[in-house]
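To start, the structure under review is shown below, and the notes come after it.
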Amino acid sequence: MTTIPEILSASIQKAFEEAQQDNLIPAAEIGDIAVERPQNPEHGDYASSLPLKLAKPLKKNPIEIANVLAKYLKKDGLLEDVVVANPGFLNFVLSRKWLQDQVDQMLSDPKSYGVTNAGEGKKIQVEYISANPTGRLHVAHARGAVIGSTLANVLKSAGFEVQQEYYLNDAGAQIDKFNRSLVARYMQSLGNDVELPKDSYPGEDVIAVAEKIRDLDSANYDTDDPGALSDLGKAGIRLMIEGIKEDIESLHIDFDNWFSEKSLFEDGQFEKCIGLLKEMGYVSDKDGATWLLNSNLGEEKDNVLIRTNGTPTYFSTDIAYHYNKFIHRKFDIVIDVWGADHQGQVLRLKSAMKMLGCDPDNLEMILVQMVRFKKGETTEKLSKREGNVVPLIELVNEIGADACRFMFLSRAHETQLDFDLDLAKSQSSENPVYYIQYGHARICSILDLAVEKKINFSNGSVSMLSHESEIQLINKILELPSIINAIAVTYEVHHLPHYSLELATAFHNFYQNCRVISENEKDLGLSKARLKLCAATKLALVNCLELMGMSKPEKM
RNA sequence: GCGCUUGUAGCUCAGUUGGAUAGAGCGCAGCCCUGCGAAGGCUGAGGUCGUGGGUUCAAGUCCCGCCAAGCGCGCCA
């Protein structure tokens with residue numbers, strides 16, 4: 001599906017070239033031609049400020065340029081009129097007939113609505129959440145979760161081949177720490193008076209896992225036997241991952257792949273990757289540790305790959321992991337949705353990728369700013385250590401997955417967020433998400449009524465859709481593809497919930513102004529046309545709700 | 001100290017490569033169902049876009065200084 005701005009940009013480009021051939025405009029480079037929807041409907045359906053931008057390089061009056069371009073712009077099926085406005089805008093009025101016909105077009109081919117080809121079938125991976133499997137997810141994870149999953153959905157619609165991945169940090173020091181905590185909790189659950197080790201996870205989630213193991217496993221673990229303890233740890237991680245999967249499902253998220261950090265070591269990929277860096281001379285031994293010479297590539301400092309004690313750092317496994325994404329699994333683009341506290345990692349990982357021959361521009365990190373927890377007047381950082389975490393599942397149970405998703409989705413990822421659970425609870429009933437879902441439910445009930453009254457509107461004539469709110473609604477519906485394309489470039493998913501609200505507003509407006517199913521027999525033709533518009537709106541709303549991972553209730 | 005990010009209505013936030021009169025939801029003051037769902041529609045009050053300069057036809061948007069907040073600068077993950 002080609003978007004309207006794309007069509008108009010191409011027309012302007014053509015007009016510009018033709019005017020140049022006729023020597024009415026001096027030669028000049030024009031980059032991308034911006035066509036946008038003006039805020040004021042009096043300024044047309046779409047508008048471009050190109051003449052204002054060209055005024056300087058062309059050394060001509062912007063109005064003059066606009067007039068020339070307007071003359072060369074073909075009034076074709078789509079374009080009905082071009083109006084030149086001060087101080088040099090081109091305002092486009094779309095043909096009513098073309099707009100009306102799009103309703104029929106959508107209904108005859110509903111699958112191609114909202115699908116674009118911006119991604120050109122490229123392989124793209126979105127990795128998100130990737131929380132350590134040493135505890136259940138909490139509210140701070142929800143933000144990245146919602147942003148990542150929605151981004152993946154949108155990229156699919158934009159024509160990418162998308163994989164959603166969760167990176168399981170199942171190797172490393174945090175696993176030992178978890179094991180120590182679990183053993184203590186396990187002993188406690190058996191009635192032993194054991195203290196929790198100093199450096200451990202104090203959360204309830206570990207207790208729950210320990211008790212579950214006690215209840216499930218008839219063969220008790222001999223806590224004096226190292227082998228048994230190792231088995232206990234493995235069972236604990238397994239159960240914790242099951243819990244994380246529950247958390248994720250509660251938010252309507254489904255991963256395509258769970259990638260094990262441990263697997264990087266088991267099949268030698270880690271060794272190979274580090275070996276490669278060594279061969280290329282990017283690695284040096286110093287103070288008994290192995291270092292990556294990042295500073296050669298403009299980084300502030302070198303970084304440790306292998307510690308003095310022989311264990312790999314988080315950084316080095318991350319290099320191997322991303323090498324695997326690009327080289328072994330051949331992703332064209334890799335997106336990591338990370339917490340803002342990973343910021344220091346961005347540049348050095350990119351520079352390591354460059355050493356390995358991967359284009360760092362194909363590695364995109366989306367840094368989601370921290371969520372802080374608000375308690376009365378004070379705010380504090382959520383921390384497992386502090387024990388002030390709110391489990392994700394508790395939030396979802398309180399306010400529902402839809403409201404939860406919408407809340408985190410409608411804020412740009414780089415803004416900080418002070419999260420107030422009480423406020424979230426009290427506001428959940430007036431969450432804007434219901435405004436969108438209400439529009440959907442309203443349409444469903446109208447369409448039900450049409451069935452009840454045996455109105456078959458498949459032969460409705462869309463040419464009867466001429467009320468201002470009808471035209472505005474069609475325009476709004478047709479905007480979705482350009483929203484999807486914009487997100488495919490900027491990865492800013494928060495545009496989607498805002499667009500959805502505008503779409504719902506346009507529908508509620510139409511509903512208020514235009515009676516759909518009339519009691520009057522002679523209005524049957526108009527009813528049928530409006531039913532078509534309702535069906536098209538439903539298609540658009542369903543698209544939005546599905547992209548955002550929300551339910552689409554027919555009744556509320 | 002250095003780096004990254006943020007600062008827009010009472011609150012929570014949008015503002016699309018710089019464009020026309022800075023928008024929405026909630027809250028507040030009102031109006032609209034003997035008509036398909038009032039979880040809706042309409043009207044109003046509420047803004048020196050943190051602050052001071054600069055760039056230009058045009059700045060909430062770009063550049064510089066300052067103020068405030070968050071994060072980062074580990075042989076932690």
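Throughout, protein chains are lettered first and strands after them, A, B, ... in sequence-line order, and every chain is numbered starting at 1.
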message: Can you check the distance between C26(B) and A22(B), where both ends of the measurement are the P atom (answer in whole Å)?
response: 22 Å
message: So, under a plain 3.5 Å distance rule, would you say the side chain of Thr313(A) forms a donor-acceptor pair with the base of C75(B)?
response: no
task: Describe the nucleic acid contact of Arg530(A) in one word from base, sugar-phosphate, nothing, applying a heavy-atom distance below 4.0 Å.
output: nothing
query: Can you give the dot-bracket line for RNA chain B, using ( ) for pairs inside the strand, [ ] for pairs that cross earlier ones, | for pairs with another strand and . for unpaired bases, where Watson-Crick and G-U count if both distances are under 3.5 Å?
result: (((((((..((((.....[...)))).(((((.......))))).....(((((..]....))))))))))))....
field: Between P of G23(B) and NE2 of His495(A), the distance in whole Å
entry: 18 Å
- prompt: Between Lys53(A) and C57(B), does any side-chain N or O lie under 4.0 Å from OP1 or OP2?
  reply: no
field: Contact residues, residues 54-61 of chain A to RNA chain B [heavy atom, < 4.0 Å]
entry: Lys56(A)
message: Is it the case that the ring center of His413(A) lies less than 6.0 angstrom away from the ring center of Tyr491(A)?
response: no
message: Under 4.0 Å from OP1 or OP2 of G41(B): is there any side-chain N or O of Tyr435(A) that close?
response: yes
query: Going by the angle between their ring planes, with limits at 30° and 60°, are Phe178(A) and Tyr201(A) parallel, tilted or perpendicular?
result: tilted
message: Using a heavy-atom cut-off of 4.0 Å across all strands, would you classify His342(A) as base, sugar-phosphate, or nothing?
response: base
task: Round to the nearest Å and state the distance from Ile147(A) atom CD1 to C13(B) atom C1'.
output: 14 Å
task: For Ile33(A), answer base if it contacts any base atom (sugar-phosphate contacts may also be present), sugar-phosphate if it contacts only those atoms, and nothing otherwise; contact means non-hydrogen atoms under 4.0 Å.
output: base
message: Whether Asn431(A) contacts A39(B) is assessed here as follows: a side-chain N or O lying under 4.0 Å from the phosphate OP1 or OP2. Is that the case?
response: no
Touch class at under 4.0 angstrom, heavy-atom based, for Asn520(A) against every strand present: nothing
field: Of Pro51(A) and Asn169(A), the one whose closest RNA chain B nucleotide lies more 5'
entry: Pro51(A)
message: If stacking means aromatic ring centre less than 5.5 angstrom from the base's six-membered ring centre, planes under 30°, is Tyr511(A) stacked on G41(B)?
response: no
query: Checking all strands, does Gln174(A) fall into the base, sugar-phosphate, or nothing category for heavy-atom contacts under 4.0 angstrom?
result: sugar-phosphate
message: I want to check one thing: is the phosphate of C13(B), taken as OP1 and OP2, less than 4.0 Å away from some side-chain N or O of Arg411(A)?
response: yes
Closest nucleotide among C73(B), C36(B), A14(B) to the His494(A) side chain: A14(B)
field: Presence of donor-acceptor pair under 3.5 Å, side chain of Gln39(A) and base of G15(B)
entry: no
field: 5′-ward residue of the pair Tyr314(A)/Lys301(A) relative to RNA chain B
entry: Lys301(A)
message: Please tell me if Arg307(A) has a side-chain N or O lying less than 4.0 Å from either OP1 or OP2 of G74(B).
response: no
message: For Phe259(A) and Tyr321(A), take the angle between the two ring planes, folded into 0 to 90°, and tell me which bin it lands in: parallel under 30, tilted 30 to 60, perpendicular over 60.
response: tilted
task: For side-chain contact (heavy atoms from CB on, under 4.5 Å), just list the numbers for Phe507(A) and Phe510(A), CA-CA rounded to whole Å, side-chain angles, deciding distance to a tenth of an Å, and then say yes or no.
output: CA-CA 5 Å; Phe507(A) 172 72; Phe510(A) 154 76; 3.8 Å; yes
query: When all nucleic acid strands are considered with a 4.0 Å heavy-atom cut-off, which category describes Ala47(A): base, sugar-phosphate, or nothing?
result: base
message: Output the rounded distance in Å from CD (Gln369(A)) to C1' (C4(B)).
response: 9 Å
query: According to a strict under-4.0 Å criterion, is His498(A) in side-chain N/O contact with OP1 or OP2 of G25(B)?
result: no
- request: Check whether any side-chain nitrogen or oxygen of Ser445(A) sits under 4.0 Å from OP1 or OP2 of G37(B), and answer yes or no.
  value: yes
query: How far, in whole Å, is A69(B) from U8(B) if one measures between their P atoms?
result: 15 Å
- request: Give one of base, sugar-phosphate or nothing for Asn513(A), where a contact means two heavy atoms less than 4.0 Å apart.
  value: nothing
Inter-nucleotide P distance (C31(B), G37(B)), Å rounded: 26 Å
- prompt: Would you say the ring centroid of His141(A) lies under 6.0 angstrom from that of His138(A)?
  reply: yes
message: Between P on U16(B) and CG on Leu501(A), what's the gap in Å once rounded to a whole number?
response: 17 Å
- prompt: Touch check for Gln343(A), heavy atoms < 4.0 angstrom, all strands: base, sugar-phosphate only, or nothing?
  reply: base
